[in-house]
Amino acid sequence: MAGFVRQNVLSGKDKAAMLFCELGSSVTGDMLKYFSTAELKKLRKHIERLGTWYDVYAENSVLEETARYGMMKRFLPADTIIRAEDNARAAVAEEHNPLKNINPDPEALANVLAMWLKEE
């Protein structure tokens, strides 16, 4: 069908791998204790498989989905998306992490990743 753009649909494992990489070691280090060995193996495998193929649109989609879920479940502040957008604009100008100053709950984020790792 002409005129349609094919979009890549991300698996839960791809989303988990992307988010884990985007969060950085200062956040993910606190999350590791909440994963089983099997979950960590899956995560590591998908991080390696993912490599750097994903683009900024996929990355933003995962971050936005996480933020919306986190706000709905109340483990992220209600202004998370606004703060992340402000941080992203600053990140473009200063090349720093757009997730800084969000201070997410490591256990809650680990639960999101674990949920995505279970998706087929």
Side-chain angles (χ1 to χ4, degrees):
M1 295 185 169
F4 286 92
V5 176
R6 182 171 180 241
Q7 295 181 342
N8 290 330
V9 177
L10 298 172
S11 73
K13 293 173 183 80
D14 290 338
K15 292 178 195 178
M18 271 189 213
L19 182 59
F20 193 85
C21 291
E22 286 302 312
L23 290 172
S25 60
S26 63
V27 175
T28 57
D30 293 335
M31 293 169 52
L32 294 176
K33 63 185 171 191
Y34 299 108
F35 291 108
S36 69
T37 302
E39 288 170 332
L40 286 172
K41 284 181 183 179
K42 273 186 202 178
L43 191 55
R44 193 172 307 121
K45 175 183 172 185
H46 280 276
I47 289 170
E48 289 171 4
R49 189 180 72 90
L50 196 61
T52 58
W53 75 262
Y54 63 91
D55 60 24
V56 69
Y57 300 108
E59 176 184 323
N60 287 340
S61 173
V62 169
L63 293 173
E64 185 174 328
E65 184 176 342
T66 304
R68 290 190 189 286
Y69 183 80
M71 291 184 309
M72 180 182 75
K73 294 293 187 178
R74 298 180 187 212
F75 68 81
L76 289 175
D79 66 345
T80 295
I81 290 179
I82 294 166
R83 290 170 55 197
E85 288 171 348
D86 291 344
N87 289 343
R89 279 189 284 280
V92 169
E94 300 174 23
E95 297 184 17
H96 70 278
N97 184 351
L99 296 173
K100 76 173 190 169
N101 301 324
I102 299 292
N103 300 322
D105 174 15
E107 183 177 14
L109 280 174
N111 288 336
V112 172
L113 293 177
M115 175 183 67
W116 280 338
L117 287 170
K118 290 176 184 157
E119 288 183 9
E120 289 303 319

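- In this structure, the separation between NZ on Lys45 and CG on Leu40 is 14.5 Å, given to the nearest 0.5 Å.
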Next on the checklist: With side chain to side chain contact (heavy atoms under 4.5 Å, CB included) as the criterion, how do Val112 and Lys73 come out once you've worked through the C-alpha distance, each side chain's angles and the decisive distance to 0.1 Å?
Outcome noted: CA-CA 11 Å; Val112 172; Lys73 294 293 187 178; over 6 Å; no
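- Tyr34 and Tyr69 fall into different hydrophobic clusters, defined by Ile, Leu, Val, Met, Phe, Trp and Tyr side-chain heavy atoms under 4.5 Å apart, directly or through other members.
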Next on the checklist: Using the rule given for side chain to side chain contact (heavy atoms under 4.5 Å, CB included), can you reason through Arg68 versus Met72, listing the C-alpha separation, both sets of side-chain angles and the distance that settles it, and then say yes or no?
Outcome noted: CA-CA 6 Å; Arg68 290 190 189 286; Met72 180 182 75; over 6 Å; no
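- Taking CG of Leu19 as the reference point, atom CG of Leu109 lies at 6.5 Å (rounded to 0.5 Å).
- With sequence neighbours excluded, the residues satisfying side-chain contact (heavy atoms from CB on, under 4.5 Å) with Glu39 are Phe35, Ser36, Ala114, Leu117, Lys118.
- In this structure, CG in Leu43 is found 9.0 Å from OG1 in Thr28, a value given to the nearest 0.5 Å.
- Nearest heavy atoms, Asp79 versus Met71: N-SD, 4.5 Å.
- Interatomic distance, OG1 of Thr37 versus NZ of Lys41, reported as 7.0 Å (0.5 Å rounding).
- Hydrophobic clustering of Ile, Leu, Val, Met, Phe, Trp and Tyr side chains at less than 4.5 Å, counting indirect connections, unites Met31 with Ile47.
- For the residue pair Met18 and Leu50, the shortest heavy atom distance occurs at CG-CD2, 3.5 Å.
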Item to check | CA sep, side-chain torsions, deciding dist, call: Trp116, Glu65, side chain to side chain contact (heavy atoms under 4.5 Å, CB included) | outcome: CA-CA 12 Å; Trp116 280 338; Glu65 184 176 342; 3.6 Å; yes
Checklist entry - Are Leu63 and Glu59 close enough, and set up right, to give a side chain to side chain contact (heavy atoms under 4.5 Å, CB included), and what steps lead you there? => result CA-CA 6 Å; Leu63 293 173; Glu59 176 184 323; 4.1 Å; yes
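- Shortest non-hydrogen contact noted between Phe20 and Leu113 is CD1-CD1, 3.8 Å.
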